[in-house]
Amino acid sequence: MVIHASGLDESKGGIAKVGKQNLQPGSYRPISLTSFLLKILEKVLDGHIRGRILTSNPLNVRQYAYQQGKSTELSLNNLVGEIKNTFNRKEIAVGIFLDIEGEFNNVTPQSLLGAVKARGVEATITEWIEQMLKNRIATTSLSGESVRFVPGRGCPHKEEFSLLFCGPC
């Protein structure tokens with residue numbers, strides 16, 4: 001499959017985070033506007049991954065991202081249930097919580113492709129993902145100034161396959 005370079009252009013903007021200085025890049029929640037062609041291809045890829053890859057190589061049952069019928073609320077409800085059960089058994093509950101700052105921004109193409117291969121995604125699709133990650137062009141604007149660049153790290157924010165392969169598996 002060949003995708004013209006213009007199909008990999010990505011316009012990035014952001015919404016300012018409350019209480020942050022507006023001149024710092026980390027002060028904005030990123031918005032990624034990709035071409036409709038890329039969106040369509042990602043939807044096709046998502047359907048394939050859900051319909052074929054995950055049926056033969058399912059995600060961990062304790063993963064709540066990228067799974068229908070699971071949500072943050074369900075995850076928290078299950079956690080509270082586990083804590084209550086622990087207290088009812090007169091045991092001690094210890095929780096360790098990890099929030100990886102910049103998870104989507106800092107993932108390398110190599111680690112993302114490693115996760116794709118480990119999940120059993122076909123070589124053709126893996127190559128497409130690799131080309132998309134390595135050849136996309138991002139444009140970002142702030143205060144009337146624009147910059148175009150090829151991101152060396154990160155994956156498109158909140159795209160379906162990003163949630164599967166950039167998030168915790």
Side-chain angles (χ1 to χ4, degrees), residues 10 12-34 38-39 42-123 125-126 128-130 132-134 136 138 140 142 149 151-169:
E10 178 178 14
K12 290 189 174 279
I15 299 173
K17 294 179 182 177
V18 176
K20 298 279 188 170
Q21 290 185 355
N22 289 344
L23 297 178
Q24 300 297 318
S27 301
Y28 295 89
R29 296 192 189 285
I31 298 172
S32 180
L33 304 172
T34 55
L38 186 57
K39 295 265 188 212
E42 285 177 337
K43 289 292 182 189
V44 169
L45 176 62
D46 177 61
H48 175 73
I49 290 171
R50 287 180 191 269
R52 298 186 99 189
I53 304 298
L54 294 182
T55 55
S56 61
N57 191 2
L59 297 172
N60 187 302
V61 295
R62 292 185 177 253
Q63 178 175 324
Y64 287 83
Y66 200 76
Q67 296 194 58
Q68 281 187 314
K70 292 193 175 183
S71 64
T72 304
E73 291 82 9
L74 181 60
S75 174
L76 290 172
N77 187 40
N78 287 343
L79 175 63
V80 169
E82 290 286 334
I83 292 169
K84 284 181 179 179
N85 290 338
T86 301
F87 288 155
N88 289 338
R89 292 189 307 266
K90 307 287 190 224
E91 296 175 349
I92 297 171
V94 176
I96 299 173
F97 302 90
L98 176 65
D99 181 18
I100 301 173
E101 186 175 337
E103 175 185 26
F104 287 96
N105 292 337
N106 295 312
V107 67
T108 64
Q110 294 80 10
S111 63
L112 178 61
L113 291 168
V116 169
K117 290 174 185 173
R119 184 58 58 198
V121 175
E122 297 94 335
I125 295 173
T126 301
W128 180 83
I129 293 171
E130 180 177 18
M132 191 273 305
L133 289 172
K134 291 182 176 179
R136 63 192 167 113
T140 187
L142 179 64
F149 61 98
R153 300 177 80 85
C155 54
H157 288 268
K158 309 300 185 207
E159 299 300 339
E160 293 295 338
F161 77 88
S162 299
L163 294 172
L164 174 62
F165 297 114
C166 292
C169 294

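Ser75 places no side-chain N or O within donor-acceptor distance of the main-chain N or O of Ser71, the cut-off being under 3.5 Å. Under a 3.5 Å cut-off, the side chain of Arg119 and the backbone N or O of Pro58 do form a donor-acceptor pair.
More than 12 heavy atoms of other residues, nucleotides or ligands shown are found within 6.0 angstrom of CZ on Arg89.
Here the CD1-CG distance, from Ile83 to Leu79, works out to 4.0 Å after rounding to the nearest 0.5 Å. Atom CG of residue Leu113 and atom NZ of residue Lys134 lie 6.5 Å apart, to the nearest 0.5 angstrom. Here the CZ-CD distance, from Arg52 to Glu122, works out to 6.5 Å after rounding to the nearest 0.5 Å. Once rounded to the nearest 0.5 Å, the distance linking CG of Leu112 with CE of Met132 reads 7.5 Å. Between atom CG of residue Leu45 and atom CZ of residue Arg50 there is a gap of 11.0 Å, rounded to the nearest 0.5 Å.
Nearest heavy atom pair, residue Thr126 against residue Val121, reads OG1-O, 3.3 Å.
The closest side-chain heavy-atom distance from Asn85 to Glu91 is not below 4.5 Å. Side-chain contact check for Ile49 versus Leu54: some heavy-atom pair is nearer than 4.5 Å. Two residues are said to be in side-chain contact when any heavy atoms from C-beta on lie closer than 4.5 Å; Ile53 and Ile125 fail this criterion.
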Between Asn78 and Glu82, does a side chain to side chain contact (heavy atoms under 4.5 Å, CB included) hold up when you go through it step by step? CA-CA 6 Å; Asn78 287 343; Glu82 290 286 334; 5.6 Å; no
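When the side-chain hydrogen bond (donor to acceptor under 3.5 Å, both in side chains) test is applied to Gln110, no partner is found at least two apart in sequence or on another chain.
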